[in-house]
Protein chains: 2
Amino acid sequence: MDWDPKRPRWQQIADVLRQRITDGTYPPDTMISESAITQEWGVARITARKAVAALRAEGLVTTVPGMGSFVL
Amino acid sequence: MDWDPKRPRWQQIADVLRQRITDGTYPPDTMISESAITQEWGVARITARKAVAALRAEGLVTTVPGMGSFVL
DNA sequence: CTTTATTTGTCCGTATGTATG
DNA sequence: ACATACATACGGACAAATAAA
């Protein structure tokens with residue numbers, strides 16, 4: 001991923017995840033873990049968390065402590 | 001149970017159990033098992049164990065391996 | 001004595017929540 | 001944005017202790 005320096009990384013990651021959810025790549029109940037994000041994009045966990053938090057705020061995923069975040 | 005996200009679940013469970021002990025709902029010798037807690041609150045066993053451990057630390061219950069935890 | 005059932009003790013792996021630097 | 005650490009939480013598995021059939 002070549003980052004756009006003009007926008008936060010977590011936002012760019014959230015954009016990709018949002019696309020995958022809306023286009024069916026990530027069907028309901030698909031788990032989106034923070035570690036998976038850190039591995040795919042090579043970012044820190046805190047950055048991955050911000051991306052997931054954005055999707056959660058949009059009502060696209062739900063987060064269960066100790067379990068993970070899942071597509072709604 | 002609608003959890004208060006600001007406080008640990010095991011603490012909130014311990015609060016309820018403590019109340020039941022002090023108000024006589026759970027008289028002495030009443031057994032408080034971990035499985036009973038997991039079933040009533042829908043939490044993992046480790047969470048139930050932490051709640052019981054808190055009560056034990058407060059001297060409200062005693063735990064006997066292989067038997068259970070009992071109100072003092 | 002053996003078996004069965006129940007409960008606590010412990011450990012592993014994984015994941016999120018929070019805090020500090 | 002990153003690195004690290006610790007707490008909290010879920011799931012599963014196996015051992016040890018206790019009691020009862």
Side-chain angles (χ1 to χ4, degrees), chain A residues 1-22 25-72, chain B residues 1-22 25-72:
Chain A
M1 176 77 151
D2 41 339
W3 304 107
D4 176 358
K6 296 182 185 62
R7 300 175 61 238
R9 292 187 181 183
W10 63 265
Q11 216 172 70
Q12 300 178 52
I13 294 173
D15 288 344
V16 176
L17 294 177
R18 189 183 308 104
Q19 179 61 28
R20 291 179 183 174
I21 293 173
T22 55
T25 303
Y26 285 172
D29 295 329
T30 298
M31 184 176 79
I32 302 180
S33 71
E34 298 170 356
S35 63
I37 295 176
T38 64
Q39 288 176 21
E40 176 171 2
W41 278 280
V43 295
R45 188 184 157 209
I46 188 175
T47 306
R49 279 180 66 74
K50 289 199 173 192
V52 174
L55 299 177
R56 187 168 55 244
E58 297 170 18
L60 291 177
V61 304
T62 182
T63 301
V64 182
M67 292 283 290
S69 292
F70 304 88
V71 178
L72 291 173
Chain B
M1 177 77 157
D2 42 338
W3 303 107
D4 177 357
K6 295 183 184 62
R7 301 177 60 239
R9 292 188 179 184
W10 63 263
Q11 217 173 72
Q12 300 179 53
I13 294 172
D15 288 344
V16 175
L17 295 177
R18 189 183 307 104
Q19 179 62 26
R20 291 179 183 173
I21 293 173
T22 56
T25 302
Y26 285 172
D29 295 331
T30 298
M31 183 177 77
I32 301 179
S33 71
E34 298 169 356
S35 63
I37 295 176
T38 63
Q39 288 176 22
E40 176 173 1
W41 279 280
V43 295
R45 191 184 159 209
I46 188 177
T47 306
R49 279 181 67 76
K50 288 208 171 195
V52 173
L55 299 177
R56 188 170 53 244
E58 297 170 19
L60 292 176
V61 304
T62 182
T63 300
V64 182
M67 289 281 290
S69 293
F70 303 88
V71 178
L72 290 173

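By convention in this document, chain letters (A, B, ...) are assigned in the order of the sequence lines, proteins followed by strands, and residues within each chain are numbered from 1.
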Return the set of residues passing side-chain contact (heavy atoms from CB on, under 4.5 Å) with B:R18 (not counting sequence neighbours), or none when no residue passes. B:A14, B:D15, B:T22, B:L55, B:E58, B:L60
[X]: side chain to side chain donor-acceptor pair (under 3.5 Å) partners, not counting sequence neighbours:
X     : value
A:Q39 : none
A:S35 : A:S33
A:E40 : A:R20
B:Q11 : B:R7

Which salt bridge (charged side-chain N to carboxylate O under 4.0 Å, His left out) pairs, counting each pair once, include a residue from residues 25-35 of chain B, with sequence neighbours left out? B:E34-B:R45, B:E34-B:R49
Taking distance alone, no hydrogens or angles, what donor-acceptor pairs closer than 3.5 Å link side-chain atoms of residues 62-72 of chain B to residues at least two apart or in another chain?
unit_1 : atom_1 : unit_2 : atom_2 : d
B:T63  : OG1    : B:R56  : NH1    : 2.7
B:T63  : OG1    : B:S69  : OG     : 2.6

Can you find a heavy atom in the side chain of A:L17 that is under 4.5 Å from one in the side chain of A:I37? yes
Minimal non-hydrogen separation, A:A48 against A:V43, with atom names: N-CG2, 4.3 Å
Would you name the heavy atoms of B:W10 and B:A54 that are closest together and state the gap between them? CZ3-CB, 3.9 Å
On DNA chain D, reading 5' to 3', which nucleotide is the first and which the last to sit with an atom under 4.0 Å from a heavy atom of chain A, could you check? D:dA1 to D:dG11
How would you summarise protein contacts on nucleotides 14-21 of chain C per nucleotide, using B for base, S for sugar-phosphate only and - for none, with heavy-atom distances below 4.0 Å? -BBBB---
Using five pairs at either end of the helix from C:dT2-D:dA21 to C:dG21-D:dC2, determine the angle between the two local helix axes and round it to 10 degrees. 10°
